[in-house]
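For clarity, every value in this text was computed on a predicted model and none was experimentally measured.
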Amino acid sequence: MRIELWPEGAPYAHGNDKEGLPAITPYLAEGAEGPVPAVVVLPGGGYHTRAPHEGEPIAKWLNTLGISAFVLDYRVAPYKHPVPLNDAQRALRHVRSQAEAWKVDPSRLGILGFSAGGHLASTAGTHYDRGDSASADPVERFSCRPDFMVLCYPVISLGEFRHDGSRVNLVGEDATEELVRLLSNELQVTEDTPPSFIWHTSDDPAVPVENALMFASALSRNKVQFELHSYMTGRHGLGLAADHPEAQTWPDLCARWLKRLGLVPASHE
């Protein structure tokens, strides 16, 4: 069941092309007796595509923890900033607006992203508002701040340790220094940034591990709870990493972190 986020037409849409119709696909935790935590899932793909193995399989893994998931088809190139961020913010607002119907807890709504999706997730976690109570659109009245973040081999910075493809696809080749700084999320962390679980591989050939390290350092400086894991070696784009001898542990480590934060229902602990 694919649900368009703006059924009457998305802002910035280029006509009626499919990419101009951002949507979420719900994966609701079965057997939920009360409101459960939920996560908006952002697959990676360098802001030019969305990797399938970082979407539905992740949602189904979250379901095994008793957590509902919503995979977001956010817009990618030729769409540029602020379009992907608007889509992520709208997804968070939409889930909160339907919390009662979907039996999710609007105060335990997180975001999870891989690679460029990790950049989008960290952008949502550092650029947000509490909603516009005066908006004529009821969805816009809800907060778009995620309550927690899971960042998987994330692009974080558009600066020295950037992923060139993600940067060009998101802001173009001639982006101003001001925009590059605004979207280098290690520079945007505050004490109000949500707690975060971060993992990477130390020799990632596509997205330097410095992205994860700089974000973790910024969280530490601002006294924000975080957990960081850097595996010694591994290719980029591992997803659930089932075939990687070390990184395959990340889902279990993440599940333990979620439990410590009270984000796994008691029935699944």
First locate atom [atom1] of [X], then atom [atom2] of [Y], and finally report the distance between them rounded to the nearest 0.5 Å.
X	Y	atom1	atom2	result
Glu30	Thr64	CD	OG1	11.5 Å
Gln89	Tyr74	CD	OH	14.5 Å
Asp252	Thr249	CG	OG1	7.5 Å
Trp257	Ile198	CH2	CD1	9.0 Å
His94	Asp87	NE2	CG	13.0 Å
Ile156	Leu151	CD1	CG	5.5 Å

### Query
Between Arg235 and Asp243, does a salt bridge (charged side-chain N to carboxylate O under 4.0 Å, His left out) hold up when you go through it step by step?
CA-CA 11 Å; Arg235 64 175 176 82; Asp243 296 328; over 6 Å; no

Using distance alone, with no hydrogens and no angle criterion, decide if [X] and [Y] have a side-chain donor and acceptor under 3.5 Å apart.
X	Y	result
Tyr27	Glu56	yes
Asp105	Ser107	yes
Tyr47	His119	yes
Thr126	Thr193	no
Asn169	His48	no

I'd like to know if [X] pairs up with [Y] as an ion pair, taking the criterion as any Lys NZ or Arg NE/NH1/NH2 lying under 4.0 Å from an Asp or Glu carboxylate oxygen.
X	Y	answer
Arg141	Asp132	no
Glu140	Arg93	yes
Asp73	Arg90	no
Asp129	Arg145	no
Arg256	Glu227	no
Asp147	Arg108	no

## Note on the structure
Checking Leu92, Thr123, Leu120 against Ile111 for side-chain contact (heavy atoms from CB on, under 4.5 Å), the one that qualifies is Leu92

Indicate yes or no: at least one non-hydrogen side-chain atom of [X] is less than 4.5 angstrom from one of [Y].
X	Y	value
Phe215	Met149	yes
Tyr79	Asn86	no
Arg75	Pro22	yes
Gln225	Leu261	yes
Leu240	Ile58	yes
Tyr231	Asp203	no
Trp199	Leu228	no
Leu72	Leu5	yes

Within the side chain of [X], is there an N or O that forms a donor-acceptor pair under 3.5 Å with the backbone of [Y]?
X	Y	value
Ser115	Gly117	no
Ser68	Ala29	yes
Asn63	Ile67	yes
Glu4	Ala23	no

Minimal non-hydrogen separation, [X] against [Y], with atom names:
X	Y	value
Pro265	Gly66	CG-O, 3.3 Å
Cys152	Leu112	SG-CD2, 4.4 Å
Leu158	Ser184	N-OG, 3.0 Å
Pro138	Ala136	CD-O, 3.4 Å
Trp102	Val95	CZ3-CA, 3.9 Å
Pro251	Trp61	O-CZ2, 3.3 Å

Can you hop from [X] to [Y] via hydrophobic side chains spaced under 4.5 Å?
X	Y	result
Val171	Leu187	no
Leu85	Phe70	yes
Val168	Val207	no
Val40	Leu28	yes
Val139	Val104	no

#### Entry: Check against side-chain contact (heavy atoms from CB on, under 4.5 Å), Val155 and Arg162
CA-CA 7 Å; Val155 176; Arg162 65 186 176 272; over 6 Å; no

### Task
For side-chain contact (heavy atoms from CB on, under 4.5 Å), just list the numbers for Leu183 and Leu170, CA-CA rounded to whole Å, side-chain angles, deciding distance to a tenth of an Å, and then say yes or no.
CA-CA 10 Å; Leu183 297 177; Leu170 182 63; 4.0 Å; yes

#### Entry: Tyr153 and His200 aromatic ring geometry - parallel, tilted or perpendicular at 30°/60° bounds
perpendicular

### Query
Cation-pi between Arg96 and Phe142: NZ/CZ under 6.0 Å from ring centre and within 45° of the ring axis?
no

### Task
Kindly indicate, with the supporting measurements, whether the criterion side-chain contact (heavy atoms from CB on, under 4.5 Å) is fulfilled by His127 and Gln188.
CA-CA 8 Å; His127 302 70; Gln188 306 303 324; 3.7 Å; yes

### Residue pairs passing the side-chain hydrogen bond (donor to acceptor under 3.5 Å, both in side chains) test where at least one lies in residues 207-218, sequence neighbours excluded
Ser217-Arg221

#### Entry: Val41/Leu62 under side-chain contact (heavy atoms from CB on, under 4.5 Å): CA gap, chis, key distance, verdict
CA-CA 10 Å; Val41 177; Leu62 287 165; 3.9 Å; yes

### Message
Using ring pair (Phe, Tyr, Trp, His ring centres under 6.0 Å), reason through Phe197 and His229 one step at a time and then give a plain yes or no.
### Response
CA-CA 8 Å; Phe197 179 95; His229 297 274; 5.4 Å; yes

### Task
Please assess Asp174 against Arg167 for the test salt bridge (charged side-chain N to carboxylate O under 4.0 Å, His left out), listing each intermediate value before the final yes or no.
CA-CA 10 Å; Asp174 301 318; Arg167 171 170 161 159; over 6 Å; no

